[in-house]
Amino acid sequence: MKDYITALSGLVISSFVFLNSESFVVDDGGLAKNPAYYPRMLALLLAVLSISLIVRAVLHREGGSVSVNKELLKNIGVIFGLILLYALLFPFVGFAASSFLFLVCGVRLYGGSWKEALLCGVPVTAGVYIVFHILMKVPMPQGILF
């Protein structure tokens with residue numbers, strides 16, 4: 001059952017990304033200058049993997065059951081709340097600050113220490129920023145902080 005839920009969630013997310021990347025398309029940009037190319041490729045890859053997960057789940061049916069308890073529902077609510085907060089902060093504080101906060105809070109919420117949270121948040125945010133904004137020249141949302 002959890003494979004079906006995971007696969008369907010992956011299909012929903014990939015559809016959302018693919019459809020929303022339509023606004024990124026540059027008419028005369030070509031493939032190399034099209035900012036929608038990378039998100040669409042990732043969305044298609046996620047869709048293919050989700051479909052393969054559904055096929056695998058159908059072919060290898062197991063009689064197991066999924067139990068839903070308060071702890072599971074709490075964890076799901078916390079992560080969705082964190083994602084919602086990230087989406088709300090993104091336009092105001094920009095990519096770097098909101099991504100850093102998202103990573104640090106995520107690590108802390110799931111039991112990591114401050115040291116682990118910072119060791120995750122700083123290099124991941126810096127790495128993504130350097131690769132996409134500096135090297136690939138992808139415009140990143142700038143907020144009030146930087």
Side-chain angles (χ1 to χ4, degrees), residues 1-26 31 34-146:
M1 183 65 168
K2 64 183 172 184
D3 286 341
Y4 293 114
I5 293 170
T6 303
L8 290 176
S9 299
L11 286 173
V12 168
I13 291 169
S14 68
S15 300
F16 177 78
V17 169
F18 192 86
L19 294 173
N20 282 325
S21 67
E22 180 69 30
S23 64
F24 299 163
V25 174
V26 178
L31 188 60
N34 187 351
Y37 177 74
Y38 187 69
R40 284 186 168 184
M41 288 299 107
L42 289 179
L44 289 174
L45 178 63
L46 180 59
V48 167
L49 292 174
S50 297
I51 291 168
S52 68
L53 185 59
I54 290 173
V55 169
R56 190 186 77 148
V58 168
L59 293 177
H60 303 292
R61 283 199 169 164
E62 296 178 11
S65 64
V66 175
S67 63
V68 178
N69 57 30
K70 288 183 182 180
E71 186 68 26
L72 174 65
L73 292 175
K74 177 186 162 210
N75 286 340
I76 291 171
V78 165
I79 198 66
F80 276 114
L82 190 58
I83 292 169
L84 178 65
L85 183 64
Y86 178 68
L88 292 173
L89 284 176
F90 199 83
F92 298 108
V93 298
F95 167 79
S98 59
S99 296
F100 173 76
L101 288 172
F102 176 77
L103 290 167
V104 169
C105 290
V107 171
R108 289 290 296 151
L109 283 171
Y110 287 101
S113 67
W114 280 106
K115 182 179 178 181
E116 292 169 333
L118 293 173
L119 285 174
C120 175
V122 171
V124 170
T125 302
V128 170
Y129 189 83
I130 289 168
V131 168
F132 285 95
H133 186 67
I134 295 174
L135 298 177
M136 297 175 69
K137 306 285 190 230
V138 175
M140 296 284 188
Q142 303 295 313
I144 56 175
L145 297 177
F146 54 92

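All residue numbers refer to positions in the sequence shown, counting from 1. These numbers come from a predicted model, not from an experiment.
- Pairing each heavy atom of Glu116 with each of Ser113, the nearest pair is OE1-N, 2.8 Å.
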Between Tyr38 and Val138, does a side-chain contact (heavy atoms from CB on, under 4.5 Å) hold up when you go through it step by step? CA-CA 11 Å; Tyr38 187 69; Val138 175; over 6 Å; no
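- Taking CG of Leu101 as the reference point, atom CZ of Arg108 lies at 13.5 Å (rounded to 0.5 Å).
- Under the 3.5 Å distance criterion, the side-chain polar atoms of Ser21 are matched with a main-chain donor or acceptor of Phe18.
- Under the 3.5 Å distance criterion, with hydrogens and angles disregarded, no donor-acceptor pair is assigned to the side chains of Tyr129 and Ser99.
- The closest side-chain heavy-atom distance from Leu49 to Leu53 is not below 4.5 Å.
- Atoms CG and NZ, on Leu135 and Lys137 in that order, are 7.5 Å from each other to the nearest 0.5 Å.
- Side-chain contact check for Trp114 versus Val104: some heavy-atom pair is nearer than 4.5 Å.
- One finds the CD atom of Glu71 at 11.0 Å from the CD1 atom of Ile76 (value rounded to the nearest 0.5 Å).
- The minimum heavy-atom distance linking His133 with Gln142 is given by the pair CE1-NE2, 4.4 Å.
- Atom CG in Leu46 sits 4.0 Å away from atom OG in Ser50 (nearest 0.5 Å).
- Taking the side chain as every heavy atom from C-beta outward, Ile79 and Tyr110 approach each other to under 4.5 Å.
- The side-chain heavy atoms of Leu103 and Tyr86, taken from C-beta on, include no pair separated by under 4.5 Å.
- Annotation for Ala7 and Ile54: closest pair CB-CG1, 3.3 Å, computed over non-hydrogen atoms.
- Atoms CG and CD1, from Leu42 and Ile13 in turn, are 12.5 Å apart once rounded to the nearest 0.5 Å.
- You'll find the side chain of Val12 stays beyond 4.5 Å of the side chain of Phe16, heavy atoms only.
- If you take OG on Ser98 and CG on Leu85, they are separated by 9.5 Å, rounding to the nearest 0.5 Å.
- Between Phe90 and Phe95, the ring-plane angle classifies as perpendicular under the 30° and 60° cut-offs.
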